[in-house]
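Here is the structure we will look at.
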Amino acid sequence: MALRIALIILGIVGIVDTAVLSMYSNLNLGVVLPALLGAPLLIIGMFYEPVIAYMARSGAWLKWTLISVYGIYALVTVIIGSMIYKKAHEQPENGVDALIVLGCGVRGERVSLTLKYRLDRAIEYLEANPDTIAVLSGGQGRGENISEAEAMQRYMLSHGIDEARIIKEDRSRSTEQNFLFSKKLIDERFPNGARLAFVTTGFHVLRAELVAKKQGIDITGFGAKDVFYIAPNNYMREVLAIVYYKLTGKA
């Protein structure tokens, strides 16, 4: 009985989490994943006796397949999640020549809360390191009236950052392109080479750094805070994204 109740509770929590966040956030894997994991648990819990009877008739393979899938996912989440967390909380190196700020969603012409946190972290770094320039990287996506780079520049200018310290990279549509296109602009500004860093949301630092180093870019990243109510979902999604990247090389 206790197991059945636990399955029902876990299933409901996962489905409710997805339902609530879908009203406030873009529908992505991180938002949908709790429901995908929770729905089977809810079904098993609600129809516990017939499901267990069916598993008994089908042999042990079905039972152990389900246990293995959830168990492996939990183990991988703990291992990779701890790596993500550690990387997200590393302190930035001071005095770099250029700081790449990775873009994300813009609402019309306004930066999203996630992007605001990245920009606030970047501004904090720029104020502490007056010789560092910022490369604002992000193209224009669906539902965005201007490029992410343009929205980011407007935000930085409104917060006192000198326009002379800003380079806009407004063509990229992925993390790979963020670094590829930004590096070309940096090389034009610093033909003899430059010390680099980047800032993104904490959960994204590890994968972004892997992507940059695969391109041969010597760079380290540091994290901005996440939107608290979606942070667990972002970690759940990012674990799978890193596994996918390591298996396919695609970010």
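Hydrogens, waters and symmetry mates are skipped; everything else that's a heavy atom, side chains included, is used.
- Cation-pi contact between Arg4 and Tyr48: absent, since separation from the ring centre below 6.0 Å together with deviation from the ring axis within 45° is not met.
- In this structure, Cys104 and His204 have side chains that are not in contact, with every pair of non-hydrogen atoms separated by 4.5 Å or more.
- The shortest distance between side-chain heavy atoms of Glu163 and Gln153 falls below 4.5 Å.
- Cluster annotation: Phe47 is connected to Ile15 through the hydrophobic network of ILVMFWY side chains, with a link wherever side-chain heavy atoms come within less than 4.5 Å.
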query: Can you list the steps and then say if Glu176 with Gln215 is a side-chain contact (heavy atoms from CB on, under 4.5 Å)?
result: CA-CA 8 Å; Glu176 291 98 330; Gln215 297 181 14; 3.6 Å; yes
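- The CD1 atom of Ile217 sits 7.0 Å away from atom CG of Leu180, with the distance rounded to the nearest 0.5 Å.
- No more than 12 heavy atoms of other residues, nucleotides or ligands sit less than 6.0 Å from atom OH of Tyr85.
- Looking at Met55 and Leu66, their side chains come closer than 4.5 Å, going by heavy atoms from C-beta outward.
- Cluster annotation: Ile230 is not connected to Tyr235 through the hydrophobic network of ILVMFWY side chains, with a link wherever side-chain heavy atoms come within less than 4.5 Å.
- Heavy-atom contacts from other residues, nucleotides or ligands closer than 6.0 Å to CZ of Arg165 number more than 12.
- A heavy-atom distance below 4.5 Å is found between the side chains of Leu41 and Leu7.
- A distance-only check finds a donor-acceptor pair linking the side chain of Lys214 to the backbone of Gly249 [under 3.5 Å].
- Side-chain atoms of Tyr70 come within 3.5 Å of backbone N or O of Leu37 as a donor-acceptor pair.
- In this structure, a donor-acceptor pair under 3.5 Å is absent between the side chains of Asp226 and Thr201.
- Cluster annotation: Phe179 and Phe190 are assigned to the same hydrophobic cluster (Ile/Leu/Val/Met/Phe/Trp/Tyr, side-chain heavy-atom contacts under 4.5 Å, transitive).
- Between Ile100 and Asn178 there is no side-chain heavy-atom pair separated by less than 4.5 Å.
- Hydrophobic clustering (side-chain heavy atoms under 4.5 Å, transitive across Ile, Leu, Val, Met, Phe, Trp, Tyr) keeps Tyr117 apart from Val199.
- Between Glu169 and Ser137, the side chains place a donor N or O and an acceptor N or O closer than 3.5 Å (distance only, hydrogens not considered).
- Taking all atoms of both residues into account, the shortest heavy-atom contact from Val243 to Ile80 is CG2-CD1, 3.6 Å.
- A donor-acceptor pair is defined here as one N or O able to donate and one able to accept, closer than 3.5 Å; no such pair exists between the side chain of Arg237 and the backbone of Leu33.
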- request: Would you sort out whether Asn129 and Val96 count as a side-chain contact (heavy atoms from CB on, under 4.5 Å), showing the intermediate values?
  value: CA-CA 8 Å; Asn129 296 272; Val96 301; over 6 Å; no
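- Under the 3.5 Å distance criterion, the side-chain polar atoms of Arg118 are matched with a main-chain donor or acceptor of Leu102.
- With a 4.5 Å cut-off on side-chain heavy atoms, Glu209 and Lys87 count as touching.
- Not one N or O on the side chain of Glu238 forms a donor-acceptor pair closer than 3.5 Å with the backbone of Asn234.
- Side-chain contact between Leu126 and Met156 is present, with heavy atoms from C-beta onward closer than 4.5 Å.
- Taking each heavy atom of Tyr245 and Leu210 in turn, the nearest pair found is OH-O, 3.6 Å.
- No continuous path of ILVMFWY side-chain contacts below 4.5 Å connects Tyr73 to Met83, so the two sit in separate hydrophobic clusters.
- Using a 4.5 Å heavy-atom threshold, the side chains of Tyr155 and Leu136 count as separate.
- Between Glu150 and Arg154 there is a salt bridge, with a side-chain nitrogen of the basic residue lying less than 4.0 Å from a carboxylate oxygen of the acidic one.
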